[in-house]
Amino acid sequence: MEQQLGKNIANRRHELNMTQQQLAELSNLSINFISRLERGGSNDVSSTTLLRLATVLGTSMDSLMTNQASTGNNSHRGPQLRKLINNLNFKNKLATGLK
């Protein structure tokens, strides 16, 4: 999943004509971490970090993890991934509700 996550982040960043440096600054993460993540070299991504990236990239955490538009229908995913997505989406709703 981490390798797919990195590819999705890089693809979305390119769609926005954003550099790794810009993404790092806007998400308050290091450029080295962004680079490792995009190459699939980092497997330590917290829900907070994923939320930061999704927010800056103007997409959902689900889309970054699965490369599919959020449809609200998780039936095609395995139970562990569905649970993770539901947990992260819940945290995302909590975080955005606090702004």
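Quick note: numbers below take in every heavy atom, side chains included, and nothing from hydrogens, waters or symmetry partners.
- The heavy-atom pair separating Ser60 from Ala54 by the smallest distance is C-CB, 3.8 Å.
- The CD atom of Glu25 lies 11.0 Å from the CD1 atom of Ile34; values are rounded to the nearest 0.5 Å.
- Residues Leu29 and Leu37 have side chains not in contact (no heavy-atom distance under 4.5 Å, counting atoms from C-beta outward).
- A donor-acceptor contact shorter than 3.5 Å links the side chain of Arg52 to the backbone of Asn28.
- Under the 4.5 Å side-chain criterion, counting only non-hydrogen atoms from C-beta, Leu57 is not in contact with Ser63.
- Screening Leu5, Thr55, Leu51 for a side chain to side chain contact (heavy atoms under 4.5 Å, CB included) with Met61, the sole residue that qualifies is Leu51.
- Under the 3.5 Å distance criterion, the side-chain polar atoms of Arg36 are left unmatched by any main-chain donor or acceptor of Gly41.
- The heavy-atom pair separating Glu38 from Arg13 by the smallest distance is OE2-NE, 2.7 Å.
- Ser30 approaches Ala24 most closely through the heavy-atom pair C-CB, 3.8 Å.
- Side chain of Ser35 to main chain of Ile31: no donor-acceptor pair is present (N/O by atom type, distance under 3.5 Å, no hydrogens or angles).
- Between the side chains of Gln4 and Asn8, at least one donor-acceptor pair of N or O atoms lies under 3.5 Å.
- Residues satisfying the side chain to side chain contact (heavy atoms under 4.5 Å, CB included) criterion with Thr19, sequence neighbours excluded, are Gln21, Gln22.
- By the 4.5 Å heavy-atom criterion applied to side chains, Leu16 and Leu23 are not counted as neighbours.
- A distance of 4.5 Å separates CD1 in Ile9 from CG in Leu53, rounded to the nearest 0.5 Å.
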